[in-house]
Trainee: 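The structure's right below; bear with me while I get my questions together.
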Amino acid sequence: MEWNPETLQFLSQCFLHTLSPQPEPRHAAESSLAEAADRPNYGLAVLRLVAEPSVDEQIRQAAAVNFKNHLRTRWVPSNDLNAGPTFSPILDPEKDQIKTLIVSLMLSSSPRIQSQLSEALAVIGKHDFPKSWPTLLPELISNLQKAAQSSDYASINGILGTANSIFKKFRYQYKTNDLLLDLKYCLDNFAAPLLDIFLKTASLIDSTASSPGGGSPATLQPLFESQRLCCRIFYSLNFQELPEFFEDHMKEWMGEFRKYLTTNYPSLESSGDGLALVDQLRAAVCENISLYMEKNEEEFQGYLNDFASAVWSLLTNVSQSSSRDKLAVTAMKFLTTVSTSVHHTLFASEGVIPQICESIVIPNVRLRDEDEELFEMNYIEFIRRDMEGSDLDTRRRIACELLKGIATNYKKKVTDIVSLQIQNLLSSFATNPSANWKDKDCAIYLVVSLATKKAGGTLVSTDLVDVQSFFLSVIVPELQSQDVNGFPMLKAGALKFFTTFRGLIQKPVAFQLFPDLVRFLGAESNVVHSYAASCIEKLLLVKDEGGKARYTSADITPCVPVLMNNLFNSLKFPESEENQYIMKCILRVLAVADISSEIAGPCIAGLTSILNEVCKNPRNPIFNHYLFESVAILIRRACERDASLISAFEGSLFPSLQTILANDVTEFLPYAFQLLAQLVELNKPPISPSYMQIFVLLLSPDSWRRSSNVPALVRLLQAFLQKAPNEVNQEGRLNQVLGIFNMLVSSASSDEQGFYVLNTVIENLEYGVISPYMGNIWNVLFMRLQNNRTVKFQKSLVIFMSLFLIKHGATNLVDTMNAVQDNIFLVILEQFWIPNLKLITGAIELKLTAVASTRLICESPVLLDPAAARLWGKMLDSIVTLLSRPEQDRVEEEPEMPDIAENVGYTATFVKLYNAGKREEDPLTDVKDPKQFLVASLAKLSAHTPGRYPQIINENLEPANQAALLQLCGIYNCQIV
């Protein structure tokens with residue numbers, strides 16, 4: 001794209017129309033720009049348009065946004081096949097021109113355009129800086145020094161903002177030599193100029209703030225923004241380790257840091273966003289000193305007392321306004337870091353811990369208006385913070401973390417003080433419950449948040465209160481309140497306490513409250529009915545000593561009709577139509593309760609009704625997974641108990657499953673195939689026509705194009721092969737099945753699924769049916785073995801050959817293989833079967849391969865031939881290794897590089913339904929012990945030719961395996977003669 005007046009006019013018109021409120025011109029302009037973006041020098045032309053002063057500011061701003069997004073997709077196009085459409089990359093000559101122009105243009109632009117170009121520059125810097133853009137840092141430093149001389153803070157902040165963006169990589173990347181070399185380059189060039197501008201700006205702030213009236217906010221704002229950016233750059237450059245320059249100049253940095261924590265700036269703080277700007281700087285300072293406390297404690301200790309005092313003082317004066325949350329949280333994090341360090345003695349002085357508790361912890365734990373608003377307006381986010389621990393950056397959580405930190409070294413002191421605070425809060429509530437309900441909420445929150453979890457388990461304990469008496473006196477009255485909608489936050493807190501300490505509440509006490517939990521499912525508050533569902537779900541998971549479930553089907557079955565009714569009704573509340581906590585509770589109840597036909601009918605009707613709704617617009621993958629698991633467990637538990645329910649379930653589910661298939665609801669296809677597999681397996685032959693229609697669809701190659709569907713389709717195909725073997729051998733279907741096997745086994749990412757299909761064919765079809773196809777099957781397997789022999793493939797091949805031998809005999813195995821190529825069987829045996837046998841894992845697979853290998857050496861004429869004595873011995877050696885050594889001693893697999901999946905993400909990943917899983921079937925139910933089978937078979941074989949086999953064993957088995965075999969003969973009283 002050449003830069004000329006026509007290009008300027010074309011781009012200006014396009015960007016003008018992208019701002020149109022009318023969809024037609026807007027879409028047309030977007031389409032024209034997308035087409036133009038594929039042409040060389042498009043990005044350069046847009047950048048020149050941004051630089052054109054004669055063009056309207058709005059058009060230039062739209063162009064700047066487009067330029068930034070253009071760079072994101074084309075500067076280094078993604079190699080990820082799943083990342084969406086691929087774009088032609090920007091060529092090197094155009095890149096060089098863009099890099100030449102962008103810095104000066106950014107600095108001369110208006111603030112809005114400058115911010116877009118700064119982000120664009122950061123995109124380039126992420127890939128090219130510093131190695132492929134060595135001129136960037138010198139250019140930024142030169143411009144920074146020029147701007148500093150004229151106190152041009154618009155340019156200074158633009159440069160610092162850019163530097164902040166390109167230095168962020170030093171914060172979170174792993175420490176490598178390349179990263180440290182890049183960091184050294186940045187430090188050598190930028191550390192001194194950064195300190196210079198930081199001290200210059202500090203001096204300007206001091207002089208401005210000390211002038212009459214404290215200086216104008218307009219003057220102070222860019223200065224404070226400049227200092228905030230300097231602090232963020234400080235954080236990036238110090239993150240990996242303490243640089244020598246910063247250690248040498250620590251006094252200058254720390255002096256200014258402390259000043260911003262201890263000084264007020266009334267003229268700025270009282271204006272508009274002024275207080276937020278000052279707080280952002282203070283929060284950045286707190287993050288910096290926390291970093292030094294964590295990583296450079298020894299060098300920082302001389303400044304620690306002053307900072308601890310400053311931060312403590314700051315916290316006691318920070319209001320409860322949500323606008324000051326970031327500052328409060330970062331300040332408390334700093335004190336928490338100090339409390340767990342060797343400098344914890346700062347908290348040991350008389351009166352310090354009580355004061356922290358009263359002036360910092362309790363005020364920050366108390367509910368605020370913002371918490372109440374979140375509770376009512378966004379229940380999902382409230383629960384994530386309150387119940388699921390995503391509140392790591394909230395005042396409530398951090399205040400409790402501070403107490404936990406102090407308790408690390410002063411446990412008794414903290415326990416005594418907080419216990420007293422809890423009693424005071426409960427006393428305050430008792431004096432006026434309706435007015436002081438937040439005091440009770442605060443007390444409950446403290447007990448729950450300061451509880452400690454037993455390592456590796458779910459049991460929670462606390463030293464603050466006696467859990468049983470606290471539960472009875474404080475929690476039970478809330479749970480037994482007849483008004484489920486009164487004081488909902490207090491009810492939620494009580495339910496959370498019950499859930500947290502469920503393992504400590506005695507069964508008779510907890511069980512007595514079960515009807516109340518069921519009642520709370522009808523509460524209007526989304527949080528309350530979610531917490532009630534979660535509490536029931538978690539109670540049903542409680543285990544007593546020895547791992548026995550505390551609450552059994554006998555306990556809950558009597559109340560299941562009311563419970564399930566309330567659960568389904570709670571999904572009708574606004575905003576709870578896809579409530580994952582309720583659906584998880586439904587799943588748990590169906591897993592525990594006895595499912596009679598009276599319960600199963602309404603449940604399947606309720607679940608399919610919900611399924612029909614979510615099919616229209618799948619939004620919540622967690623809810624949807626629990627929904628399908630609920631359907632699967634209902635099918636499994638109800639239909640296995642009462643086969644007469646199968647047709648009713650099919651009548652309810654088939655329309656929903658057909659909708660998923662007909663409308664290609666990609667998120668749900670793997671689920672639908674797994675449920676269909678479950679239903680097919682429950683049917684008795686002959687399979688109904690409605691299933692045969694699905695079988696025809698299943699055999700179509702189009703069904704297998706999405707890799708995410710493959711495991712579920714294989715599962716369904718296995719069900720048909722098992723239940724309809726006769727139909728498989730009609731109308732050319734077996735040929736289609738083997739075509740699917742061929743397709744799957746050819747790729748390393750799906751070969752295991754191919755073997756699942758092949759093994760099911762071998763297990764369920766007669767030898768006369770499959771024998772015409774065996775030559776082609778062996779050809780496919782040998783070709784794959786030749787082209788890409790992964791360990792996983794070789795193990796799967798050994799399992800397949802073993803299964804074939806068990807089902808159709810050693811002679812058929814050897815003959816069908818040798819029909820492909822003369823004597824190929826012995827080659828495969830020596831090169832693949834013998835070395836890979838010892839790598840087999842899994843109880844059924846181990847037994848299958850061991851018994852098959854034993855039968856091979858004891859029954860196959862090929863191996864009983866004296867000429868094959870060495871192979872016979874090596875095969876036995878491998879069998880003994882498999883049976884006598886623990887898995888970790890014999891399996892040394894190299895991790896294999898997985899193929900890049902065709903699709904990733906929610907819409908296209910396979911998620912296995914636990915409750916619809918295929919049950920592993922043992923093809924050797926008549927053999928109980930493969931070790932006994934081995935020595936008994938060897939004893940029987942050796943009896944025919946005494947003296948022959950002990951010599952072969954002596955010559956070919958490792959000494960350890962000879963000893964192991966001798967031991968097995970002794971255990972099972974068998975003798976190899």
Trainee: Where the side chain of N709 meets the backbone of R705, is there a donor-acceptor pair that is under 3.5 Å apart?
Mentor: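 Between the backbone of R705 and the side chain of N709 there is no qualifying donor-acceptor contact (under 3.5 Å).
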Trainee: With the threshold set at 4.0 Å, does a side-chain nitrogen-carboxylate oxygen contact exist between E958 and K874?
Mentor: no
Trainee: Using the rule given for ring pair (Phe, Tyr, Trp, His ring centres under 6.0 Å), can you reason through Y756 versus F800, listing the C-alpha separation, both sets of side-chain angles and the distance that settles it, and then say yes or no?
Mentor: CA-CA 9 Å; Y756 290 157; F800 165 68; over 10 Å; no
Trainee: Just verifying a value: how many Å separate L697 CG and F673 CZ, rounded to the nearest 0.5 Å?
Mentor: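 So the gap between those two atoms works out to 6.5 Å.
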Trainee: Taking CD in E766 as the centre, count heavy atoms belonging to other residues, nucleotides or ligands within less than 6.0 Å. Is the count above 12?
Mentor: no
Trainee: Determine whether a donor-acceptor pair (N or O, by modelled atom type, separation under 3.5 Å) exists between the side chain of Q678 and the backbone of A632.
Mentor: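 Yes, Q678 side chain to A632 backbone: donor-acceptor pair under 3.5 Å.
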Trainee: For S656 and N612, run side-chain hydrogen bond (donor to acceptor under 3.5 Å, both in side chains): C-alpha distance rounded to whole Å, both residues' side-chain angles, the deciding distance at 0.1 Å, then the answer.
Mentor: CA-CA 6 Å; S656 303; N612 291 336; 2.6 Å; yes
Trainee: Establish, from distance only, whether the side-chain atoms of N759 and Q718 form a donor-acceptor pair under 3.5 Å.
Mentor: no
Trainee: Of all heavy-atom pairs between D642 and S597, which one has the smallest distance, and what is that distance?
Mentor: OD2-CB, 4.3 Å
Trainee: For the residue pair P670 and A712, what are the closest heavy atoms and their distance?
Mentor: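 Scanning both residues completely, I find the closest heavy atoms to be O-CB, 3.3 Å.
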Trainee: For the residue pair V862 and D865, what are the closest heavy atoms and their distance?
Mentor: O-CB, 3.5 Å
Trainee: Report the distance from atom CD of Q580 to atom CG of L627, rounding to the nearest 0.5 Å.
Mentor: 12.5 Å
Trainee: Without swapping roles, check the side chain of N961 against the backbone of V880 for a donor-acceptor pair under 3.5 Å.
Mentor: no
Trainee: I would like to know whether E727 and Y691 meet side-chain hydrogen bond (donor to acceptor under 3.5 Å, both in side chains); could you show each step before the answer?
Mentor: CA-CA 11 Å; E727 288 84 346; Y691 282 114; over 6 Å; no
Trainee: Take N624 and R619 through the side-chain hydrogen bond (donor to acceptor under 3.5 Å, both in side chains) test and state the conclusion after the steps.
Mentor: CA-CA 8 Å; N624 294 335; R619 291 177 302 177; over 6 Å; no
Trainee: Got more than 12 heavy atoms from elsewhere within 6.0 Å of CD, Q730?
Mentor: yes
Trainee: Hey, could you give me the OG1/CG distance between T760 and L803, rounded to the nearest 0.5 Å?
Mentor: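 Nearest 0.5 Å value for the OG1-CG distance: 9.0 Å.
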Trainee: Measuring from atom OG1 of T666 to atom CD1 of I660, what distance do you get when rounded to the nearest 0.5 angstrom?
Mentor: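 If we round to the nearest 0.5 Å, T666:OG1 and I660:CD1 are 11.0 Å apart.
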Trainee: So that I can tick it off, tell me whether E613 and K616 are bridged by a salt bridge, with the cut-off set at under 4.0 angstrom between side-chain N and carboxylate O.
Mentor: yes
Trainee: Quick one: do R870 and E830 make a salt bridge, cutoff under 4.0 Å?
Mentor: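 So R870 pairs with E830 through a salt bridge.
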Trainee: Does atom OH (Y767) have a neighbourhood of more than 12 heavy atoms from anything else shown, all under 6.0 Å?
Mentor: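 More than 12 heavy atoms, drawn from other residues, nucleotides or ligands, come within 6.0 Å of this atom.
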Trainee: Report the residue from R715, K723, R636 that forms a side-chain hydrogen bond (donor to acceptor under 3.5 Å, both in side chains) with E681.
Mentor: R715
Trainee: Quick one, L567 with C585, criterion side chain to side chain contact (heavy atoms under 4.5 Å, CB included). Give me CA distance, side-chain angles, the key distance, then yes/no.
Mentor: CA-CA 8 Å; L567 282 166; C585 185; 3.8 Å; yes
Trainee: Parallel, tilted or perpendicular: which one describes the rings of Y671 and H625, with boundaries at 30° and 60°?
Mentor: tilted
Trainee: Over 60° means perpendicular and under 30° means parallel, so classify the ring planes of H808 and F804, tilted if in between.
Mentor: perpendicular
Trainee: For the residue pair L721 and V757, what are the closest heavy atoms and their distance?
Mentor: CD1-O, 4.0 Å
Trainee: Is it the case that over 12 heavy atoms from other parts of the model lie below 6.0 angstrom from the CG atom of D822?
Mentor: no
Trainee: Answer yes if the side chains of E578 and N620 hold a donor-acceptor pair under 3.5 Å, and no otherwise.
Mentor: no
Trainee: Measure the CE-CD1 distance between M564 and I599 for me, rounded to the nearest 0.5 Å.
Mentor: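 Reported to 0.5 Å precision, the distance equals 8.0 Å.
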Trainee: With distance as the sole test, does T816 use its side chain to make a donor-acceptor pair with the main-chain N or O of L813 at under 3.5 Å?
Mentor: yes
Trainee: Show your reasoning for whether side-chain hydrogen bond (donor to acceptor under 3.5 Å, both in side chains) applies to E763 and Q722.
Mentor: CA-CA 8 Å; E763 274 190 277; Q722 189 180 348; over 6 Å; no
Trainee: Hey, is K838 close enough to D877 for a salt bridge, meaning N to O under 4.0 Å?
Mentor: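 Here K838 does not pair with D877 in a salt bridge, since their nearest N and O are not under 4.0 Å apart.
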Trainee: Kindly say whether P923 contributes a backbone atom to a donor-acceptor pair with the side chain of K847 at under 3.5 angstrom?
Mentor: no
Trainee: Tell me whether the guanidinium CZ or amine NZ of R789 lies under 6.0 angstrom from the six-membered ring centre of F832 and within 45° of its axis.
Mentor: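 No - R789 does not lie over the ring of F832 by the 6.0 Å and 45° rule.
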Trainee: Locate the shortest heavy-atom distance separating L717 from F695; write the atom from each residue and the value.
Mentor: CD1-CE1, 3.9 Å
Trainee: Does the distance from a Lys or Arg side-chain N to an Asp or Glu carboxylate O, for R74 and D38, drop under 4.0 Å?
Mentor: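 D38 and R74: salt-bridged.
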Trainee: If every non-hydrogen atom of F649 is compared with every non-hydrogen atom of A638, which pair is closest and at what distance?
Mentor: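 Taking F649 first and A638 second, the nearest heavy atoms are CZ-CB, 3.9 Å.
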Trainee: Is there a donor-acceptor pair under 3.5 Å between the side chain of W704 and the backbone N or O of L699?
Mentor: no
Trainee: Could you tell me whether a side-chain N or O of S750 sits under 3.5 Å from a main-chain N or O of Q753, the two making a donor and an acceptor?
Mentor: no
Trainee: To the nearest 0.5 Å, what is the distance between OG1 (T849) and CD1 (I844)?
Mentor: 12.0 Å
Trainee: Looking only at atom types and distance, does a side-chain atom of N579 sit under 3.5 Å from a main-chain N or O of Y581, one as donor and one as acceptor?
Mentor: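 Yes; at least one donor-acceptor contact below 3.5 Å.
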